[in-house]
Amino acid sequence: MALLDVKNLHVEFTTYGGIVHAVRGVDFSVDEGETLAIVGESGCGKSVTVQSIMGLIPMPPGRITQGTAHLRGHDIIQSKIIDGKDIRGNFVGMIFQDPMTSLNPTMTIGAQIAEPLEVHRGHSHRDAMKRATELLDMVQIPEAAKRARQYPFEFSGGMLQRAMIAMAIACEPLVLMADEPSTALDVTIQAQILDLVKSIQKETGMAIILITHDLGVVARLADTVSVMYAGEVMEAGSVDDVFYRSAHPYTLGLKEAMPTNQTGRSRQLKPIDGSPPDLFSPPKGCSYAARCPHTMEVCLENNPNAFAMQEGHQAKCWLHHEECEVAAEDLYQA
Amino acid sequence: MSEPLLTTQNLTKHFQLSSNALVQAVDDISLEIAPREILGLVGESGSGKSTFGKTVIGLHDKTSGTVTFNGEEMPDRYQAGDFQRFANRMQMIFQDPYSSLNPRMTVGEIIGEGLMLHSDLKRSEVNEQVADWLRKVGLNADHMSRYPHEFSGGQRQRIGIARALILNPEFVVCDEPISALDVSVQAQVVNLLGELKDSMGLTLLFIAHDLSMVRYVSDRIAVMYLGSMIEIGRSDDVFFDPQHPYTQLLIGSNPEPDPNHERTRTSVSIPGEIPSPVNIPPGCRFASRCPKVMDVCREQTPALIPLENIGERHHVACHLFS
């Protein structure tokens, strides 16, 4: 059984305009030492997915209407407490996208890293501060002892992200959830942060759930990938399956819209025309049908189930139905 | 090479923060942009690329140096009349499509404002042109009476493009026009800019930090670090055969959407971050992080020198090559 196993998750928000169906039946699982990337564009529900599992969505207006998330056999949607301990901070750590606004500006960096140790592990303030300095050292912040006494405004963006990683791993979590951890950073700093996350994973064996829109970051870090669109997982599989044997037209569309680093170039990128559907009233059929180059009649009427390509690789697309006349191989080649 | 459309000669922009703190945001940059050329300008945040773009177009006063446009030297400090004079010829597309459109003006007013100010057209004629431009950038003419908040990020960026191009300028500074957009929408906007460039004969200064996208867009790429230009050359030469250690680092850091490539590559990340631009020490600005640093780098600022053996018009500012 997987370390964290999420099944059929549905999340809704009640707003003045009606009910937004932000997450509509998401499944994924992740094992120890493994990195799962959840990829998708803004508004596809990737952040809501992990935040709802963590219980970080204000309810109301948010509501988990269906679904389970088992962490080592405990359903953490029903109860956030395992063995008398809150899962947040203890078993699952989280780092956020914007390091500049995610830290408390009125607390020193050291005190913020020490806080989970005092709350969850019962360390004395003194011990926790000592450990905080070690953690800052571990995330390669020079002069850690001096830095621990400084405030967030005295840190650069890259350093703040390191501090946030130190905070997230302070209690040695089983799972680290990273919501766009490098999006706000410059590429050279991003490379440092990705290397750091990878080396910490090697040391601790924790599982990582990486949320990102950048396929390059996915290629660098992930073992498995789930591609999300309009609140659903359109394609899931190993990173090689999803990149080299893409089975869903949306995944292919994303890949073609990105500039490649191959020599020679065609001047035109291939954008995906149109925009994602309105999640106040999601379409009856496939949510990608309106933008898909392969749309068939069945796509407009019925939402496909996930079809299995091979072990661990699946795509939610009617093209893979056995009665479909368009050979799925044509997609593979593209 | 034809006569350049725009030339900057030792263009410098410093900000005096206090009597003993000087920010050298843009330092001594000389470059030429040919008519109908797209010059990509890349660098990390704090490298001075946006300040350079704004100084070129007159939104910042120059500290020293000159900007020559079509053979005419531009004023050091723009007066109101100068903007009036140059608005028809130089325009700017801004980075953030959310904060660069006035939320209290309709889209028609935003796009038409330039024409109202800089031409003798009547309101009805302006509206016709606005409708025409809305269609050109892939929006609907009916959208004229709507407000910016009714549009998505990609649509707002198209409004910003229409606002800049409706005056039929020759030269446009695009300051990170795609950074705030999703991947699939980025491609839409990049293609739109490319088509308009071809049909209108535009010359663009395209500022961005996304290297792979810049390579797609530009004819030549210039790389900035901490206020100075360290490398410039044809796009593919800079991208595939970078010479300056910083350019190599920058391109090596860019993750590629190719798992096999990513697994086999060796890590290129180097420690350290871009230093503060306040009171920069003498010598090469990259010296504090450079893996190939030599003694001379800490003493003398390297000049931009042409490299004979790599492509044409490839220039690098690094002591390794002198």
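Because only heavy atoms are used, hydrogens play no part in the values below, and waters and symmetry mates are left out as well, while side chains stay in. Throughout, a chain's letter reflects where its sequence line sits, starting with A, and its residues are numbered from 1. All values reported here derive from a predicted model rather than from experimental measurement.
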From [X] [atom1] over to [Y] [atom2], what is the distance, rounded to the nearest 0.5 angstrom?
X: B:Q188; Y: A:I272; atom1: CD; atom2: CD1; answer: 8.5 Å
X: A:Q192; Y: B:S253; atom1: CD; atom2: OG; answer: 8.0 Å
X: A:L221; Y: B:E262; atom1: CG; atom2: CD; answer: 9.0 Å
X: A:R220; Y: B:D258; atom1: CZ; atom2: CG; answer: 12.0 Å
X: B:N254; Y: A:D214; atom1: CG; atom2: CG; answer: 8.0 Å

Exercise. Which bit of A:V218 comes within less than 4.5 Å of chain B, counting heavy atoms only: side chain, backbone, both or neither?
Worked result: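 For A:V218, no heavy atom lies under 4.5 Å from chain B.
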Problem set entry | Toward chain B, the part of A:Q190 with a non-hydrogen atom under 4.5 Å |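 A:Q190 touches chain B through side-chain heavy atoms alone.
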Problem set entry | Exercise: identify the closest heavy-atom pair between B:A187 and A:A257 |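 Smallest heavy-atom distance, with atoms named: CB-O, 3.7 Å.
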For this session: Identify, with sequence neighbours excluded, every residue that meets side chain to side chain donor-acceptor pair (under 3.5 Å) alongside A:D223.
Result: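 For A:D223 there are no side chain to side chain donor-acceptor pair (under 3.5 Å) partners, ignoring immediate neighbours.
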Problem set entry | Non-hydrogen side-chain atoms of B:E256 and A:L215 separated by less than 4.5 Å |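 Of all side-chain heavy-atom pairs linking A:L215 with B:E256, none is under 4.5 Å.
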Problem set entry | Side-chain heavy atoms of A:V187 within contact of B:H209, under 4.5 Å |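 No, their side chains stay 4.5 Å or more apart.
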Exercise. At a heavy-atom separation under 4.5 Å, does B:N260 approach chain A through its side chain, its backbone, both, or neither?
Worked result: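 Interface part for B:N260: both.
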Exercise. Would A:K270 and B:N191 count as a side chain to side chain contact (heavy atoms under 4.5 Å, CB included) if you check the C-alpha gap in whole Å, the side-chain angles of each, and the deciding distance to 0.1 Å?
Worked result: CA-CA 8 Å; A:K270 258 179 85 180; B:N191 285 350; over 6 Å; no
For this session: State whether the side chain of A:D186 and the backbone N or O of B:E44 hold a donor-acceptor pair below 3.5 Å, judged by distance alone.
Result: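 Not confirmed, A:D186 side chain does not pair with B:E44 backbone.
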For this session: State whether A:D240 and B:R263 are salt-bridged, where the test is any N-O pair (Lys NZ or Arg NE/NH1/NH2 against Asp/Glu carboxylate O) under 4.0 Å.
Result: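 B:R263 and A:D240: salt-bridged.
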Problem set entry | Pairs flagged by salt bridge (Lys or Arg N to Asp or Glu O under 4.0 Å) wherever residues 227-236 of chain A is involved - sequence neighbours left out |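 Found A:R24-A:E232, A:E232-A:K316.
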